[in-house]
Every structure is written in structure tokens, then in C-alpha cells.
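Worth knowing before you read on, the calculation uses all heavy atoms, side chains too, and leaves out hydrogens, waters and symmetry mates. Convention: sequence-line order gives letters A, B, ...; per-chain numbering from 1.
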Amino acid sequence: MRYSGFRVIAEALTGHKGWKPVWRDPAPQPEYDYIIIGGGGHGLATAYYLAKEFGQARIAVLEKGYLGGGNVGRNTTIIRSNYLLDGNEPFYEFSLKLWEGLEQDFNYNAMVSQRGIINLIHTDAQRDAFTRRGNAMRLHGADAELLSREQVRQMYPWLNFDNARFPIKGALMQRRGGTVRHDAVAWGYARGADLRGVDLIQNCEVTGMRIENGRIKGVETTRGFIGAKKVGVAVAGSSSKVMAYAGMRLPIESHVLQAFVSEGLKPLIDGVMTFGAGHFYVSQSDKGGLVFGGDIDGYNSYAQRGNLPVIEDVAEGGMALMPAIGRVRLLRTWGGIMDMSMDGSPFIDKTPVEGLYFNGGWCYGGFKATPASGWCFAHLMARDEPHKTATAYRLDRFLKGRMIDEKGQGAQPNLH
Amino acid sequence: MIIHHPILGPRDAQEFVYLGDAALMNRPDGMTAGIEEFHDWLYNRDNPAGEHQELWYHEQGDRSWLVVTRNTVTHEITKVELARDVARSKGRSK
Ligand SMILES: Cc1cc2nc3c(=O)[nH]c(=O)nc-3n(C[C@H](O)[C@H](O)[C@H](O)COP(=O)(O)OP(=O)(O)OC[C@H]3O[C@@H](n4cnc5c(N)ncnc54)[C@H](O)[C@@H]3O)c2cc1C
């Protein structure tokens, strides 16, 4: 079923009786050419592009819960391509370009909103660093602008410009950054993949891998063994657990990141704002809620819920920047499990097991990567060579001394 | 989370800095280990869902290093030892 304005009007006039389930609920086949483990954004995008762009068939996505129940439905929906390093920036810019055409491509309203993102500047050193970052972005074809203090004041006059510790001195802005309706991304890719014959199999947890003579033969699941020629793993926070079935240890720790949404307010912030120095970032949803977050809790966790000290830290950051929100009530908080890598950058790579591919290490920033991650992972799996924007995301980069460490923190995942 | 410090009693986890898996205490011998072994020690992790032994540093307290046994699924802490004692029990001098 294709969606269009005409269709919405026709359904409205006929009592909305014509809408059908958006995807099938197939039973698993005994064997596939491609199995993708994980029905989050990255897994679904991989299946979609494998079918659509790389002409592959006999594809299944195996999801242990329901589609989109993981981080793709828990994030704060920010998209941007404001990275510094060569290994990252072309990839994230490729992703932003795919976002710009995504809704037409998969015929689904994902509410892609390029409302602009600013990163606040508080010191001369920070302005130098952001100037360099902006230049790096522009060298790779992305957009970046340096805003003065007065320009920021025009946008958001109610910010606390004269905080004693972090006075606002300006900002780095990417106008093409913004937000996207996260659930709709999962649903749009799922529908697009299903329409092209991909089997989306829910309530199907992978519990083991069958590997013979160094080659993948298939996966053990809660719904029995399923054979496959190629298996791609895209399970975000569960990466270490699933790759352990293939005997691999990863340069990854799982950490919890929390997010927050306030009660609905009148329009206050029309873009996205990050206050890195204060561990706080914020945007406003179309329903009016302030959507905000801060740092990861900082200890290994698979709990999908965090603790109060970080809630306090985030609230303090918010108050330091926006004293006006002091009486706003919090509606909800939740957590998701981040696959934090040792340099803060991801992996899209083959593994020592033939036919087994790995996609992970997305840390707290993998939502914006969803389209490019799916595209590049599909490219790698279909052609057995990396896409040109994802050549640096190798699993052996620490051994080779080719880390992609945007923050220069070293092998300390809770600092990235 | 409350960490029951062996010397100072119950302390809020906020007073501590988290380093990671306590296996980081077992650094390979720099004179004999090869690059692969060092790489594995520094970069790779078991990252279990369940019981995890980990290093916490009491920065806002007595600055001791602790080995905390904690469940990563429930956040329940079941054992807290001085890292010094753990190292000595493995035959190290400190
Ligand atoms: C609070 C929060 C805020 C965030 N904010 C942003 C942001 O503003 N911008 C941004 O770019 N990124 C953000 N992120 C990060 C982003 O959400 C993730 O990096 C990204 O969603 C991970 O990829 P995914 O969508 O494929 O993961 P997921 O949606 O988690 O998909 C993985 C799937 O694998 C499944 N799975 C796991 N184990 C198995 C198994 N054994 N068998 C079968 N299936 C299995 C899981 O059930 C899950 O559905 C945020 C994350 C959180 C938690």
C-alpha cells in the first residue's frame, strides 16, 4: 500500500476501514541467504538497502522482542554530521544526505526536520576547537557556521549568557542538522523491507551460532535453527553477548544512557542545542515536550534504567543554561543500553568467521547514522568490500594504531 | 547505588570514579608479552550481562581502589574488596 495525501482523504471519507497491517508476520524459513540479527534501526535499514539497492533476496531480520523496541525507539532523535576526523565525517555526511531524501525513498513520513543544531561555545579554546571542526566539516562538503554571542542571543534571548563558570560566547551551527521521528524510522524501513520480500521475524532471539570449518552456517534461535549463507549482527547494546556466540571478545562496554521529556510547553526552542560543558542537550518535540539528556551513567550496565545522580546532573546542567525551566515538570525518564567502543567510534566490518559480519560500537550517537550504517553494512555484506565512506570502521584498528578518537580520551569508554 | 567500603562503610557511588573491568589489574608483563596480548588486555572486554568485577576509585573519600562485584543487569552489589587485598591474594606485592 502506497501512502499519499489522496489516500488519507479517501480513508477519512470511508471510516478508515481500508488500512491494513503495515508488514507481514511470517514464520521463519529453514534457510536464508542473509540473516540480520537485530530489528533496530540499523538492522532494518540494512535489510531494506540489501533488497533495494543491492538487489539481494532471501533476507530475514531476527528480532528478540518487537521491531523498534531497542535504542531506535529510545533515543533523543538528533541527526547531524558535525564530526572532526577523516574516518567519521564523510560517513556522517553521507548519512545526513540519505536522511534528506529518506521519506521520498521509502514513502513514509519520518518527520525529518532540519531545524538546525548549535553547540555552545564558552571559551577561546573552545572557539578554536569548534572553528577547526567547522572547517573540517566544510572540507567534506557539510555545512557549518560560527555564530557570535549576539547571533545566539537573537535566537534564544532567554538563555543564561552570563553564567559565571560557562558564559555563552558563541556557537557552532549546522543548519542541516535536526531531529527525526525515531519510531517512524524503524517503521518506514520495516515496511520498505517487507514490501521487498524481507521476512521480519519478531520474538525470535538468537541464542547461538553454528560455525563449521571457520564458516557461518546459521543461527540457533528461540524459534529453532535457521540456516544462512551470510549473517550480519546489528544488536547495539547486546553486541558483546551476541558476538560471544562466535567466540569473539569486542573492544566494547555496554553502558546505560538516560533521556528525559518534560510536560508539554508552548514553543520555546525551535532547534537543537548542546551545552557540552554542562553535560546537557535539548530540543523540543512537536507535542511541546522538552526532550533532553546528558552524559551516560558511566558504569557497565544492561539494565535499561539509570540512577538518580545522573538525573540530578542533567537537571543542574539544564538549570544553569535555561533558568526559565525551573518549574517545568518532568514527564518521563528512560534508559537505553549503549555499545560504547574504546575510541567512541563504530565498527562496520567482517569478522574472522567467514560469512559473519559485525555492525556496532555506536555509542550514544548511532541514530543519526542509521541510513548510512544500513547502506554501508549492506554494501559490505553484498560485495564483501567496505563502502568508501566506511573504510576506517575496522575491528582491528586498535591493534594497527588507527583509532578514530574524536575526543582523544583513549581506551576509556565512559569518557567518550 | 551504595558501595559498602571495607574501611569507611556505606558510601554513595557518586563519590567514586569508575574505571572498568577489574581484569585491568592483570596487566601483562611488559618485558615478555607481545603486542597481541597487550592489545587484548587494554582494548577487549568480556562485558558480561550479569556478575561483573570492576574497579572503582574513591576519589572523594580515602582514594583507595576497590574491586566491586556488581550485577550489570540489576545493579546489585554483592561484594566489595580493597583492590590491594585482591592483588595480594593473587601473589602480587601491592
Ligand atoms: C537515551 C538515548 C538517547 C540517544 N540519543 C541519540 C541522538 O540524539 N542521536 C543519535 O544519533 N543517537 C542517539 N542515541 C543512540 C542510538 O539510539 C543508537 O546508537 C542506535 O539506535 C543503535 O542502533 P539500532 O537502532 O540498530 O539499535 P537498537 O534499536 O537497540 O537495535 C538492536 C536490536 O537488537 C535486538 N537484539 C539484541 N540481542 C538480540 C538477539 N540475541 N537476538 C535477536 N535480536 C536481538 C534488540 O532487541 C534491539 O531491538 C541515543 C540512545 C539512547 C539510549
Hey, does B:Trp56 have a side-chain heavy atom less than 4.5 Å from the side chain of B:Arg70?
-> yes
A:Asn414 portion near chain B, given a 4.5 angstrom heavy-atom threshold | side chain
Give the ring-plane orientation class for A:Phe280 versus A:Phe292, where under 30° counts as parallel, over 60° as perpendicular and anything between as tilted.
-> tilted
Backbone N/O of A:Leu84 and side chain of A:Glu406: donor-acceptor pair under 3.5 Å = yes
Top contributor to chain B interface from A:Glu253, A:Arg305, A:Met248, A:Gln304 [non-hydrogen pairs under 4.5 Å] | A:Glu253
Where does A:Met403 contact chain B at under 4.5 Å (heavy atoms): side chain, backbone, both or neither?
-> side chain
Pick whichever of A:Leu399, A:Asp313, A:Leu415 has the most heavy-atom pairs under 4.5 Å with chain B.
-> A:Leu399
Mind ranking B:Thr74, B:Leu19, B:Leu42 by heavy-atom pairs under 4.5 Å with chain A and telling me who comes out on top?
-> B:Leu19
Which residue out of B:Ile35, B:Asn47, B:Val73 racks up the most heavy-atom pairs below 4.5 Å with chain A?
-> B:Asn47
Side chain, backbone, both or neither of A:Leu250 within contact of chain B (heavy atoms, under 4.5 Å) = backbone
Counting only N and O atoms by type, is there a donor-acceptor contact under 3.5 Å from the side chain of A:Ser254 to the main-chain atoms of A:Gly237?
-> yes
Test: A:Arg402 and A:Asp396 ion pair at under 4.0 Å = no
So, the part of B:Asp40 with a heavy atom under 4.5 Å from chain A: the answer is both
For A:Gln258, the option from A:Asp297, A:Thr333, A:Asp295 that meets side-chain hydrogen bond (donor to acceptor under 3.5 Å, both in side chains) = A:Asp297
